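Here the structure comes first, spelled out in structure tokens, and everything after it is commentary.
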Amino acid sequence: MGQSSDVFGGHSSGLEAAGKKIDTVAQNFEGEYLKIYSVIDALIGSEWNSPAAEAIAKQIEGQRTNLEAMRDAIKGYANYCYRTSNRVIENEENIISGVSGNNG
């Protein structure tokens, strides 16, 4: 596309695509830390259990809320992209409606 379309185009599809990518990152991040907790849960209660292992597990468990907050922050960026994309579309539609209404 030419440069004039870059000046006036809001690129709502690019914002939506970015939102989807960021959302995927959030899901992958969550999957990874849930795997960690799954491994820890499996080890605690096994023959490998020890007081030291339990202490480490408790420290790692204490980080769960931080990891969940990080996941939520990443999802927040995805939602921002979605909302911004929708606003661009709404603004473009309002401009088109305004222009076509004035041509009557």
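All residue numbers in this chain count up from 1 along the given sequence. All values reported here derive from a predicted model rather than from experimental measurement.
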Applying ring-ring contact (aromatic ring centres under 6.0 Å, His included) as the test, list every pair that has at least one member in residues 75-96; sequence neighbours left out. none
State which residues pass salt bridge (charged side-chain N to carboxylate O under 4.0 Å, His left out) with R87; sequence neighbours excluded, sorted by chain then number. none
Would you give me the side-chain donor-acceptor pairs under 3.5 Å for residues 50-59, sequence neighbours excluded?
residue	atom	partner	partner atom	Å
S50	OG	A52	N	3.4
S50	OG	A53	N	3.1
E54	OE2	N49	ND2	3.0

Quick one: does any side-chain atom of S12 pair with a main-chain N or O of S85 as donor and acceptor, under 3.5 Å? no
Single-linkage hydrophobic cluster I60~L43, side-chain heavy atoms < 4.5 angstrom: no
Smallest separation among heavy atoms of C81 and L15, with atom names: CB-O, 3.3 Å
Got a sec, which pairs hit ring-ring contact (aromatic ring centres under 6.0 Å, His included) with one end in residues 15-45, sequence neighbours left out? F29-Y33
With the side chain counted from C-beta on, respond yes when L34 and R64 share a heavy-atom pair under 4.5 Å apart, and no when they do not. yes
If you round to the nearest 0.5 Å, how far is CD1 of I40 from CD of E61? 8.0 Å
Would you please name every residue forming a salt bridge (charged side-chain N to carboxylate O under 4.0 Å, His left out) with E90, sequence neighbours left out? none
Gap between atom CG of D41 and atom CD1 of I36 - 0.5 Å precision: 12.0 Å
Under the side chain to side chain donor-acceptor pair (under 3.5 Å) definition, can you give me all pairs with a residue in residues 15-31, not counting sequence neighbours? E30-R71
